[in-house]
Number of protein chains: 2
Amino acid sequence: MATAGTGTRKAQGERTHAAILESAVHIASAEGLEGLTIGRLAAELEMSKSGLFAHFGSKEELQLATIDAARSIFIRDVMRPAMEVPAGIARLWKLCDTWLGHVEAEVFRGGCFFAAVAAEFDSRPGPVRDRIADIMKEWLGMLRLTIAEAQEAGHLASTADPEQMAFEFNALELGANWSMQLHGYSQAFTRARDAILQRLQTCATTKGASLLPRGNKLAAKKRLKRIKGKPCAGDP
Amino acid sequence: MATAGTGTRKAQGERTHAAILESAVHIASAEGLEGLTIGRLAAELEMSKSGLFAHFGSKEELQLATIDAARSIFIRDVMRPAMEVPAGIARLWKLCDTWLGHVEAEVFRGGCFFAAVAAEFDSRPGPVRDRIADIMKEWLGMLRLTIAEAQEAGHLASTADPEQMAFEFNALELGANWSMQLHGYSQAFTRARDAILQRLQTCATTKGASLLPRGNKLAAKKRLKRIKGKPCAGDP
DNA sequence: CCTACCGATCGGTAGG
DNA sequence: CCTACCGATCGGTAGG
């Protein structure tokens with residue numbers, strides 16, 4: 001698909017479209033996809049309601065487009081950087097650490113975009129809810145796959161359960177976001193990192209443990225005391 | 001404070017007030033405290049908007065009263081039952097297990113009332129947000145205290161960090177609620193229980209471990225393999 | 001507790 | 001991309 005020249009009417013339309021979605025993602029992360037009203041968005045962008053409306057055709061289409069824009073940012077800022085690290089426990093740690101860093105850096109005003117909109121739409125059936133659920137399944141699948149790869153690489157004990165670990169890591173990430181947003185508890189990110197790192201160290205093989213970061217004080221202390229060959233926490 | 005007779009006008013007013021709040025808690029857990037509109041609530045109770053409105057004086061007062069009603073239910077259904085168990089690791093497990101059971105039983109249509117409204121209001125400063133945050137601090141404080149008591153009773157290693165554990169257990173509980181609400185993933189509650197029980201067993205003293213439930217297959221298997229005297233996961 | 005209203009804002013449309 | 005609308009619904013009020 002050819003890109004239109006920067007001076008054409010079409011190119012201008014695409015710039016406006018992109019500017020709308022950038023504002024929309026920020027508003028929706030803080031005020032929800034219903035709080036994202038067309039009038040408010042138009043005011044922020046200094047254009048008329050109907051002018052903005054013409055880009056989407058319905059509020060639902062605007063919501064879906066906003067969700068996809070947030071997904072693209074998440075892939076670019078969290079998933080892609082992890083993919084540049086070799087598969088295994090290092091990539092797994094990178095994925096969790098970057099996710100927490102992404103929320104910690106307040107890329108979106110309301111913290112984690114998907115935590116916010118999932119809570120908002122979990123009781124509202126329809127295409128918007130379905131799209132959010134699909135993206136969250138995609139994320140959990142990616143996390144589970146990354147855990148399974150670390151296991152196949154011999155970095156995690158063969159008895160570890162990737163589904164269980166993915167559930168726990170996702171919960172810790174949601175919990176950190178929740179604490180930060182509600183209480184401004186910025187330590188939450190350290191708490192979540194400590195919990196994840198601890199869980200990884202408990203399950204790691206000797207080879208796997210050597211690939212985990214050394215900076216963490218807790219981590220270093222723990223590793224010294226680690227008892228090899230004990231069962232992995234949470235195994236079936 | 002004397003209670004009015006059941007036939008008096010005041011008593012009727014109190015019954016109506018209570019009926020409004022019961023509906024309000026259910027609606028708000030599913031559709032949020034903004035989705036809780038006065039018109040919708042009045043329709044559900046088959047009364048006029050203004051008749052209902054007269055009970056509260058403003059939407060904000062209705063929201064605050066709804067939050068306090070949900071808090072009372074939480075205290076009655078989760079905190080009080082745990083208080084009937086002796087302080088220590090047994091009470092701690094009871095508190096976590098009952099919390100998960102409360103959400104699992106879908107006492108409220110939208111799952112955990114406070115998870116829903118906290119996410120909704122975390123970006124909206126004001127008395128409503130402050131009240132939600134205070135109640136969540138109260139809950140986290142209760143959880144942390146219960147952990148500290150288990151430690152003082154010699155059921156948990158003295159090196160355990162109650163603040164860290166409270167953060168993790170709260171996250172697992174929020175994560176279970178989130179998975180259930182968004183994906184209908186009913187296994188989430190078992191996942192959360194397994195994670196919490198595993199964490200408790202890792203940190204428990206021999207005495208503490210003997211007070212944990214025996215029913216769990218994972219738990220029983222784990223306990224056999226447990227290596228005594230190793231450091232507690234997540235210790236500082 | 002009611003009927004009858006109010007101004008503001010919502011998503012959306014007509015017509016250009 | 002605009003102005004000028006529409007019906008519906010919101011929180012809230014007057015007056016009883």
Side-chain angles (χ1 to χ4, degrees), chain A residues 4-24 27-28 30-67 117 120-121 124-129, chain B residues 4-24 27-28 30-67 117 120-121 124-129:
Chain A
T6 53
T8 67
R9 202 166 298 179
K10 186 178 169 190
Q12 179 55 40
E14 284 168 4
R15 272 197 297 274
T16 302
H17 196 90
I20 292 170
L21 289 176
E22 190 178 329
S23 278
I27 293 174
E31 296 167 46
L33 285 165
E34 288 299 330
L36 177 70
T37 69
I38 295 166
R40 191 192 184 306
L41 191 51
E44 189 156 311
L45 290 156
E46 293 181 301
M47 54 190 291
S48 70
K49 264 175 57 179
S50 66
L52 189 150
F53 191 83
H55 281 273
F56 302 96
S58 74
K59 169 129 190 196
E60 191 171 282
E61 287 301 323
L62 168 63
Q63 291 173 327
L64 290 168
T66 302
I67 290 166
V117 302
E120 184 183 9
F121 273 83
R124 303 186 199 190
V128 174
R129 186 211 136 104
Chain B
T6 53
T8 66
R9 201 168 296 177
K10 188 178 169 188
Q12 179 56 39
E14 283 169 5
R15 272 197 297 275
T16 302
H17 197 90
I20 293 169
L21 289 177
E22 190 177 328
S23 278
I27 293 175
E31 296 167 46
L33 285 165
E34 287 300 330
L36 176 71
T37 68
I38 295 166
R40 191 190 184 307
L41 191 51
E44 189 155 309
L45 291 155
E46 292 182 302
M47 55 190 292
S48 70
K49 264 176 56 178
S50 65
L52 189 149
F53 191 81
H55 281 272
F56 302 96
S58 74
K59 169 132 191 194
E60 190 170 282
E61 287 301 322
L62 168 63
Q63 291 172 328
L64 290 168
T66 303
I67 290 166
V117 302
E120 185 183 9
F121 273 83
R124 301 186 199 191
V128 175
R129 186 211 137 103

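We use all heavy atoms of the structure for the numbers below, so side chains are in, but hydrogens, waters and symmetry mates are not. Letters A, B, ... mirror the listed sequences (proteins, then strands); counts begin at 1. All figures in this text were calculated on a predicted structure; none of them were measured in a lab.
Atom P of nucleotide C:dG11 and atom NE2 of A:H55 are separated by 17 Å, given to the nearest angstrom. Going from atom CZ of B:F53 over to atom C1' of C:dA4 covers 16 Å, rounded to whole Å. Between B:F56 atom CZ and D:dT13 atom P the separation is 16 Å, expressed in whole Å. Between the CD1 atom of A:I20 and the C1' atom of D:dC1 there is a distance of 10 Å, given to the nearest Å. If you take CD of A:E34 and C1' of D:dC10, they are 14 Å apart, rounded to a whole angstrom. A straight line from NZ of A:K59 to C1' of C:dG11 spans 8 Å, rounded to a whole angstrom. In this structure, the CD atom of A:Q63 is 14 Å from the P atom of C:dC10, given to the nearest Å. When the P atom of D:dT9 is taken as reference, atom CD1 of B:I38 falls 16 Å away, rounded to whole Å.
Between A:V128 and A:V117, the closest side-chain pair of non-hydrogen atoms is not below 4.5 Å. The side-chain heavy atoms of B:E34 and B:F121, taken from C-beta on, include a pair separated by under 4.5 Å. With a 4.5 Å cut-off on side-chain heavy atoms, B:F56 and B:I20 count as touching.
Environment of CD in A:E60: crowded, with over 12 heavy atoms of neighbouring residues, nucleotides or ligands closer than 6.0 Å.
With D:dC10, D:dC2, C:dG12 as the candidates, the nucleotide lying closest to the side chain of B:T37 is D:dC10.
Residue A:S48 is classed as a base contact, given a heavy-atom separation below 4.0 Å to a base.
Looking at every heavy atom in both residues, A:I27 comes nearest to A:E44 through CD1-OE1, 3.8 Å. The nearest pair of heavy atoms linking A:T66 to A:A24 is OG1-CB, 3.5 Å.
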Pairing string of DNA chain D (Watson-Crick or G-U wobble, both atom distances under 3.5 Å; | = paired to other strand) is ||||||||||||||||

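For A:S50 against D:dT3, a side-chain-to-base donor-acceptor contact under 3.5 Å is present. The base of C:dG11 is paired with the side chain of A:K49 by a donor and an acceptor separated by under 3.5 Å.
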| said: Quick one, A:E61 with A:L64, criterion side chain to side chain contact (heavy atoms under 4.5 Å, CB included). Give me CA distance, side-chain angles, the key distance, then yes/no. | reply: CA-CA 5 Å; A:E61 287 301 323; A:L64 290 168; 4.2 Å; yes

